[in-house]
Amino acid sequence: MAIPHSTEQNDAGLPAELHPLSGDRSAPKKSGWIWILVLLVLAGGGYYYYKSQTSSESKAAAAPGARAAALGPVSVAVTAALKESVPYYLSGLGSVTAFNTVTVKSRVDGELQKVNFTEGQFVHQGDLLAEIDPRPFQVALEQMEGQLFRDQAQLNNARVDFKRYDQLAKEGVIASQQVDTQSATVGQMEGAVRADQAQIDNEKLQLVYCMITAPLTGRVGLRLVDQGNMIHATDPNGLVVITQVQPIAVLFTLPEDNLPEVIPHMKGEQLGVEAYSRDDQIKLATGKLLTVDNQIDPTTGTVRFKAAFDNNDLSLWPNQFVNTRLMLAVRKDAIVVPLAAIQRGTQGSYVFTVKDGKAAMQPVKVDLTQGNIALVATGVSVGDQVVVDGQERLQAGTPVEVHDASPAGASGAAGAAGGGKNSEKAGGKKNKKQENPS
């Protein structure tokens with residue numbers, strides 16, 4: 001009875017153990033697919049949010065004027081366009097060159113006894129610079145003078161003999177051949193006397209060369225030989241270098257495209273040239289254009305010009321680098337605005353003007369720029385208020401608030417270029433106008 005009972009229990013318990021095992025294996029597979037779907041949804045949502053945020057930022061950046069308009073009037077600085085007489089010049093690079101530079105050398109050999117100059121001294125042509133020991137040349141001169149006296153005595157004796165032989169030949173006492181021989185002797189002695197005289201002149205010249213004088217007027221450089229040294233005519237360095245610095249020249253270059261514009265002005269008038277410092281801020285000197293080179297440099301496409309400067313204040317030195325300005329003409333009654341007001345875009349140059357409290361974009365044609373000013377051919381009229389600061393926040397129609405309305409930007413620059421009086425008058429009027437900006 002007990003055995004059948006145990007068998008039934010085993011049969012009944014077997015299905016209960018198998019079903020739970022099959023249910024646990026299918027549950028992890030379903031939950032894994034669910035998590036993958038959730039991650040994909042989250043990744044897609046993040047990507048969509050990122051793209052939408054980037055698009056909104058780019059749209060906002062593309063319309064700065066819209067943001068500025070939404071925030072209120074933009075604060076800008078303006079100045080008035082003026083009518084000025086502005087000089088028109090061409091700028092180039094140049095170097096200062098001395099008209100004459102001489103290395104003073106000795107023409108004889110000897111001991112340098114005296115040095116009569118100081119380094120950096122200004123000397124004039126003919127001033128005594130140094131002295132060489134003259135005694136050897138003085139002795140040689142005395143020797144040649146003694147030889148001359150001897151040859152002159154022999155010459156006188158030969159002439160007397162010639163007269164005697166000539167008379168005897170006429171009387172038939174001696175042959176005429178002896179007379180001819182004596183005549184040749186007289187000629188030889190005359191040649192010897194002339195040679196002696198030439199030697200004497202040469203020795204006198206050597207004595208003159210012992211006194212070394214300045215060949216030109218200029219500034220003495222550093223002394224190359226000290227007193228007491230033996231110097232020779234073949235020495236390569238010489239005694240000292242003299243450079244002419246008053247007047248002085250400047251060689252500068254301009255593009256070959258400017259040559260047709262310069263030549264007609266050179267024929268009609270004497271053109272002025274201004275020399276400025278390396279930073280182009282300090283005016284050093286004013287001179288005159290002398291000439292233009294006879295050929296164009298094919299490697300650089302430039303042509304060389306030469307100008308002369310008086311250089312009374314010694315502001316120019318040989319081999320100094322300078323910026324040059326060749327004055328061609330004066331543009332009268334030109335409309336001038338600060339260079340900072342000129343903006344450039346895909347459609348060309350333009351400026352922002354202020355009218356009725358709003359910015360207006362005005363296309364302009366710039367004739368030329370000089371320093372920190374621009375000459376406008378078309379697009380701006382005299383008295384127009386142009387924006388010189390704050391243009392990056394403006395668009396056409398942007399409300400603006402004017403501040404620091406000063407004429408210094410335009411009139412000051414124009415005055416520096418040559419229109420000072422007109423700039424002051426126009427500037428005074430604009431100050432009154434800008435005290436109460438609209």
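The structure presented is a predicted model; accordingly, all values stated were derived computationally and were not measured.
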How would you list, by chain and number, every residue that makes a salt bridge (Lys or Arg N to Asp or Glu O under 4.0 Å) with R164, sequence neighbours excluded?
D161

Once you round to the nearest 0.5 Å, how far does CG of L375 lie from OG1 of T369?
9.0 Å

Side chain proximity check, L339 to I373, heavy atoms < 4.5 angstrom:
no

Evaluate the side-chain proximity of F252 to T302: yes if any heavy-atom separation is below 4.5 Å, no if none is.
no

Take L328 and L271, measure what side-chain contact (heavy atoms from CB on, under 4.5 Å) needs, and give me the verdict at the end.
CA-CA 7 Å; L328 290 184; L271 299 181; 3.9 Å; yes

Under 3.5 Å, is there a donor-acceptor pair between the side chain of D235 and the main chain of N237?
no

Consider side chain to side chain contact (heavy atoms under 4.5 Å, CB included). Of V292, L326, L93, L259, which one does L254 pass it with?
L326

Output the distance between atom CZ (R331) and atom OG (S85), rounded to the nearest 0.5 Å.
12.0 Å

Does the side-chain contact (heavy atoms from CB on, under 4.5 Å) test come out yes or no for V96 and F309, once each step is laid out?
CA-CA 10 Å; V96 182; F309 295 80; over 6 Å; no

When you compare the side chain of N156 with that of R159, does any pair of heavy atoms fall below 4.5 Å?
yes

Flag if over 12 foreign heavy atoms under 6.0 Å of CD, E171:
yes

Counting only N and O atoms by type, is there a donor-acceptor contact under 3.5 Å from the side chain of D310 to the main-chain atoms of G287?
no

For the residue pair F305 and V262, establish whether any side-chain heavy-atom pair is separated by less than 4.5 Å.
yes

Backbone N/O of M327 and side chain of E274: donor-acceptor pair under 3.5 Å:
no

Mind listing the closest non-hydrogen atom pair of A275 and L316 along with its distance?
CB-CD2, 4.3 Å

Do D389 side-chain atoms and A77 backbone N/O form a donor-acceptor pair below 3.5 Å?
no

Using side-chain heavy atoms (C-beta onward) and a distance below 4.5 Å, is V86 in contact with L368?
no

Say whether, by atom type as modelled, one donor and one acceptor occur between the side chain of E119 and the main chain of R223 under 3.5 angstrom.
yes

Which atom pairs, donor and acceptor, lie under 3.5 Å between side-chain atoms of residues 127-143 and protein residues at least two apart or in another chain?
from : atom 1 : to   : atom 2 : distance (Å)
D127 : OD2    : H124 : N      : 2.8
D133 : OD1    : Q113 : NE2    : 3.3
D133 : OD1    : R135 : N      : 3.3
D133 : OD1    : R135 : NE     : 3.0
D133 : OD2    : R135 : NE     : 3.4
D133 : OD2    : R135 : NH2    : 3.0

In sequence, state the C-alpha distance, the side-chain angles, and the governing distance for Q343 and V387, and then conclude on side-chain contact (heavy atoms from CB on, under 4.5 Å).
CA-CA 10 Å; Q343 303 294 308; V387 179; over 6 Å; no

With side-chain contact (heavy atoms from CB on, under 4.5 Å) as the criterion, how do F352 and M361 come out once you've worked through the C-alpha distance, each side chain's angles and the decisive distance to 0.1 Å?
CA-CA 5 Å; F352 281 106; M361 183 182 296; 3.8 Å; yes

Which atom pairs, one a donor and one an acceptor, fall under 3.5 Å between side chains of residues 175-188 and the rest of the protein, sequence neighbours left out?
from : atom 1 : to   : atom 2 : distance (Å)
T181 : OG1    : Q177 : O      : 3.1
Q182 : NE2    : A158 : O      : 3.0
T185 : OG1    : T181 : O      : 3.1

Under 3.5 Å: donor-acceptor pair, side chain of T324, backbone of G92
yes

A308 to F99 - nearest heavy-atom pair and separation
CB-CZ, 3.8 Å

Considering residues at least two apart in sequence or located in another chain, which fulfil the salt bridge (Lys or Arg N to Asp or Glu O under 4.0 Å) criterion with R304?
D293

Hey, are the side chains of N311 and W317 touching, using non-hydrogen atoms and a 4.5 Å cut-off?
no

Residue pairs meeting side chain to side chain donor-acceptor pair (under 3.5 Å), one or both in residues 238-264, sequence neighbours left out, come to Y88-E261, N100-Q244

Indicate every side-chain donor-acceptor pair of residues 145-154 with a distance under 3.5 Å to a residue at least two apart or in another chain.
from : atom 1 : to   : atom 2 : distance (Å)
Q147 : NE2    : D196 : OD1    : 3.2

Quick one: pull up CG in L205 and CD1 in I200 and give me the separation to the nearest 0.5 Å.
14.0 Å

Looking at OG of S381 and NZ of K83, how far apart are the two atoms once the value is rounded to the nearest 0.5 Å?
9.5 Å

Using atom types as modelled and distance alone, determine if a side-chain donor or acceptor of D367 lies under 3.5 Å from a backbone N or O of V376.
no

Using atom types as modelled and distance alone, determine if a side-chain donor or acceptor of R107 lies under 3.5 Å from a backbone N or O of I212.
no

Nearest heavy-atom contact between A80 and G383 is CB-O, 4.2 Å

Between P215 and V104, what is the shortest heavy-atom contact and its length?
CD-CG2, 4.1 Å

Can any side-chain N or O of E84 pair as donor or acceptor with the backbone N or O of D333 at less than 3.5 Å?
no

Could you tell me whether the side chain of T398 and the main chain of A359 form a donor-acceptor pair under 3.5 Å?
no

Which value, rounded to the nearest 0.5 Å, describes the distance between Y276 atom OH and I282 atom CD1?
11.0 Å

Is the count of non-hydrogen atoms from other residues, nucleotides or ligands lying under 6.0 Å from D313 atom CG greater than 12?
yes

For T103 and G238, which heavy atoms make the closest approach, and how far apart are they?
CG2-CA, 4.3 Å

Quick one, V250 and V273 - any side-chain contact, counting heavy atoms below 4.5 Å?
no

Kindly compute the distance separating CG (L224) from CD1 (I231), expressed to the nearest 0.5 Å.
11.5 Å

N323 versus S91: any side-chain heavy-atom pair under 4.5 Å?
no

For I296 and G301, which heavy atoms make the closest approach, and how far apart are they?
CG2-C, 4.2 Å

